Amino acid sequence: MNSFQKRIYLSPPHMGGHEKEFVEKAFADNWIAPLGPNVDSFERELADYVKVQGALALSSGTAAIHLALRLLEVGAGDWVFCSSLTFVASANPILYQGAVPVFIDSEPESWNMSPGALKQALKEAAFDGKLPKAVIVVNLYGQSADMATIIEICDQYRIPVIEDAAESLGATYKGKASGTLGRFGIYSFNGNKIITTSGGGMLVSDDLESLEKARFWATQARDAAKHYQHSDLGYNYRLSNILAGIGRGQLKVLEKRVEARRSNFNHYFSRLSDIDGIDFMPESVHGKSTRWLTALTIDPIKCGISAPQLVELLEKQNIEARAVWKPMHLQPLYQNFSYYPHQPDQSISGELFEKGICLPSGSNLTSTDRERVIECIRGIVKGPGK
Ligand SMILES: *Cc1c(COP(=O)(O)O)cnc(C)c1O
C-alpha cells in the first residue's frame, strides 16, 4: 500500500438524491433568500421526525446552543455545567454569554456525562449557594447520555438541561428521539455530521413560546416597527432557504444513514474485536446509537502502539482517523475552570482521550475501503498470533 491510494475520509457528506429537487425549486422560484418555504418545511419535518412541538432552523449547532443558553437567562458570572468530553462548540457559547463553565467527566458505560460526577458537582454547588443556570449534556458519537438519570438529578435542583445532540440525530433513548429529552435540544448539520446542509443547526423544544423568542433573536431582534428599530440584542443566526432544501433531502435518508453507520461499526467490531487491547465504545442499554463515528480504545501496552501513533500511521496510508475529542478541562482555553471527575482518582474522559480513536465512518464508506482500513490496522497493531 502507498500514499497514492485514494483518501478515505472520516465522515464525508453523503447526498441522498432528493436534495437537488428542493434546491432547484428554490432557484426556480428565485427564493434564494430570505427565509422561505424550505426553511419552514425543514423545521416542520424535523420536528415531526423527532416528535417535538417546534424547531428553529439556524446557521449552526453552535448558534442553537447559544440561543438555548440565552433562553435560560444565562448571563455574566452564572455557572453552566457541561460535559468535558466533547467538541469545543458545546462549551464556547457559555463564554459568549460571559458565564462560567464547570466541566463534568464521562461514565465508562456510554462515554457521556457521568451522573455520579454531576451529582457531586451539584451537591458542592448547592453547598456554595451557587447552582448552575443550566446543564449542557452532550450525546457523543451518536449515542445518548443516560438522560433519565441526569434529568432526575437536575430536577432535584430545578436545573434545566440543554441536550447537545449535534452528534446523535437519529439515535434513541428509551424509545424517544435523542435530543428531545431536555428542555431544549440542538442538532448540527455541519459537513461531518450524519446528515448535512453543508452547515446549519436546529434548536428543538416543546416550549413554543421560547422558540419564538429565539426566532426573534436569530433574525437581528427587529422590533415590529415600520423602520429598523431594535430594543434587544439579536444575531444573524438563521439558515438559508437553499441550505434548508439540502436538509429536507437529507432528512429523507436519515434512517438509511443510521443503518449504514451501524453497519460500519458492526464490520469493524467483527474484524477487530479479537485483538487483545482493542475495546469498542459500548452501546448503552438505554437506547440505540447511530454509531455516527466508530470509536474504540487502544491499550498501548497490549497493542504495542498508542492511539496517536496509529492515527499517524493510518494517515501515511491516506486514511483519515482521529483522536477522540480532547476533553475541555484539558484545553488551554478552559484549563482554569473547575472539573469533576467520575471518581476522585479516576478521570474517564482523560483516559478516553489518551487511548481513543475514531475510524472512517461515513455512510458512503465502501466495503472495499472499510476492508482497507481494517487490513491496515491489523497490519499495524500487534494482536494475538502476531
Ligand atoms: C458539531 C458539534 C457541535 C457544533 O455544531 P456546528 O453546527 O458545527 O456549530 C456542537 N457540539 C458537538 C458535540 C458537535 O459535535
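The first residue of the sequence shown is numbered 1, and numbering continues consecutively from there. All figures in this text were calculated on a predicted structure; none of them were measured in a lab. Atoms within a ligand are numbered from 1 in the order they appear, just like the ligands themselves.
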Revision key, fill the gap. Sorted by chain and residue number, the residues with a non-hydrogen atom under 4.0 Å of ligand 1 are Ser60, Gly61, Thr62, Thr86, Phe87, Ala89, Ser90, Val138, Asp164, Ala166, Glu167, Ser188, Asn190, Lys193, Gly200
Exercise for review: Decide, yes or no, whether a salt bridge links Lys6 with Asp369 under the criterion of side-chain N to carboxylate O below 4.0 Å.
Suggested key: yes
Exercise for review: Provide the full list of salt bridge (charged side-chain N to carboxylate O under 4.0 Å, His left out) pairs with a residue in residues 123-141, sequence neighbours left out, each pair given once.
Suggested key: Asp78-Lys133
Exercise for review: Using side chain to side chain contact (heavy atoms under 4.5 Å, CB included) as the criterion, list what pairs up with Phe269, not counting sequence neighbours.
Suggested key: Phe265, Ser273, Phe280
Check your understanding: Hey, which of Thr297, Leu310, Ile278 is the one that makes side-chain contact (heavy atoms from CB on, under 4.5 Å) with Ile357?
Key -> Leu310
**Study point:** Partner residues of His286 under the ring-ring contact (aromatic ring centres under 6.0 Å, His included) criterion, sequence neighbours left out
**Key:** Tyr173
Check your understanding: Does one side chain, of Asn139 or Glu163, offer a donor that lies under 3.5 Å from an acceptor on the other?
Key -> yes
